[in-house]
Amino acid sequence: MKPIQVGLLGIGTVGSGTFNVLKRNQEEITRRAGRSIQITMVADLDVERARSVVGEGVQVVNDARAVIANPEIDIVIELIGGYGIAKALVLEAIAAGKHVVTANKALLAVHGSEIFAAAQAKGVMVAFEAAVAGGIPIIKALREGLTANRIEWVAGIINGTTNFILSEMRDKGLDFDVVLKEAQRLGYAEADPTFDIEGVDAAHKATIMSAIAYGIPVQFDKAYVEGITKLGAADIKYAEQLGYRIKLLGITKRVEAGVELRVHPTLVPAKRLIANVEGAMNAVVVQGDAVGTTLYYGKGAGSEPTASAVIADLVDITRLHTADPLNRVPHLAFQPSALSDLPVLPMSEVVTSYYLRLRVADKAGVLAQVTGILAGLGISIDAVLQREADEVAGEGATQTDLIILTHDTREGTMNDALVQMQALPTVLAPIARIRKEELA
Ligand code: HSE
């Protein structure tokens, strides 16, 4: 049978990995796909570098539109990234009747609905396993492996850069800024790490997972996004003393009123497997009503791990290429006509438990004032930790840290409590608030 012909837009780290793995494992991949899959055309602005990766026998151009216009190309892989030109090219490829494979989480989280609708109308597939957690086949698991389940929640470490930074902060007791610089020096963090450290990259991925888990449209604009830049080494240390680790989690939960979709630093019990995922590794926990808890772990980035996901999509498309579009797996796991309008809840409606750290004057009645405010708002305390002032703030200190863990509380109520506590003259610095999830 004639090989499936693939055009690659952008041959950087992931593109090179895709080319190399496809070539190296050609024989096994063909046995699985039923047809040979060949990258026959590559577009990259740096033609020289692209040529040095693919050698002779592959057409290299500097114009992505030449790939889309080539009638021999069956599948276009988009590895350019971002929302700009990548969006135009993906839509043009779909309009030209090409199937598309993309690793572009930003594009799908923001413009996914438009892209999937265009693909649906044209009868082509858009595959995006590489967009979430790199090499971990979490899209496949959520969309197909767990299809019997009512998914209850998904919680994941889905950004390797921030997990590396948090691991280093905990291991070495260092502050965020110091570790970020080290992560940049080692190549774990980009020169402009904003999307990673501010939680945006994780929120793109969580948005995609929420759509597949619950059959709702992708709604990045409704996600609550908080990164790790304000996290102090002290909080990591106190969390540990209380039996928790702090991880940047992407969380999506189905509750009675709708769907929670949020990314923020989170205290997780140290005994949970996910709390022990260290360095740049990724992991996702999925809770389904039938299967219970499942955990997926692996590399969330990198040349060949991400290529592994890209090629899995190429194989899927090759197998289903000639199938009636109605019999293919829907992009968002649910039939497009059966998507739900379950609302994504505002953060103020989210219910979770909290870790609070208050720098307070070490004098009589302070604890009573603070707990009085919590009691007044119906917030139940789960644990309190207070160290001697000398130990916290040095010999002879007159202030100390008061750490409080609460039971489940509505975020809006906690916001009110924070305003009241912050106004106390005995609270001497901005209160640290970190959400806590038992993931039981
Ligand atoms: N920048 C991402 C991370 C990898 O640090 O995990 C690509 O999504």
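Ligands are counted one by one from 1 in listed order, and the atoms in each one are counted from 1 as well.
By the criterion of a heavy-atom distance under 4.0 Å, neither the backbone nor the side chain of Glu190 is placed next to ligand 1. Here Thr161 has heavy atoms under 4.0 Å from ligand 1 in both its backbone and its side chain. Proximity of Asn282 to ligand 1, defined as any heavy-atom pair under 4.0 Å, is not found for any part of the residue.
At least one donor-acceptor pair closer than 3.5 Å links the side chain of His331 to the backbone N or O of Val126.
Atom NZ of Lys2 has more than 12 heavy atoms from other residues, nucleotides or ligands within 6.0 Å.
The protein non-hydrogen atom at the shortest distance from atom 1 (N) of ligand 1 is Asp196 OD1, 3.0 Å.
Side-chain N/O atoms of Tyr354 and Glu411 include a donor and acceptor closer than 3.5 Å.
When each of Val61, Ile68, Val76, Val54 is paired with Met41, the side chain to side chain contact (heavy atoms under 4.5 Å, CB included) condition holds for Val61 and for no other.
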Result block: side-chain N/O donor-acceptor pairs under 3.5 angstrom for residues 111-125, not counting sequence neighbours:
{"unit_1": "Glu114", "atom_1": "OE1", "unit_2": "Lys87", "atom_2": "NZ", "d": "3.1"}
{"unit_1": "Lys122", "atom_1": "NZ", "unit_2": "Ala95", "atom_2": "O", "d": "3.3"}

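Looking at Pro193, Gly81, Ala301, Gly134 and measuring to atom 4 (C) of ligand 1, the nearest heavy atom belongs to Ala301. For the residues Gly160, Ala183, Ala202, the heavy atom positioned nearest atom 6 (O) of ligand 1 is part of Gly160.
Seen from the ring of Tyr355, Arg245 does not count as a face-on cation partner, given the 6.0 Å and 45° thresholds.
With ligand atoms numbered from 1 in the order given, ligand 1 contributes 7 (C), 8 (O) to contacts under 4.0 Å with heavy atoms of Lys105. Under a 4.0 Å criterion applied to the non-hydrogen atoms of Asp201, ligand 1 contributes the atoms 2 (C), 8 (O).
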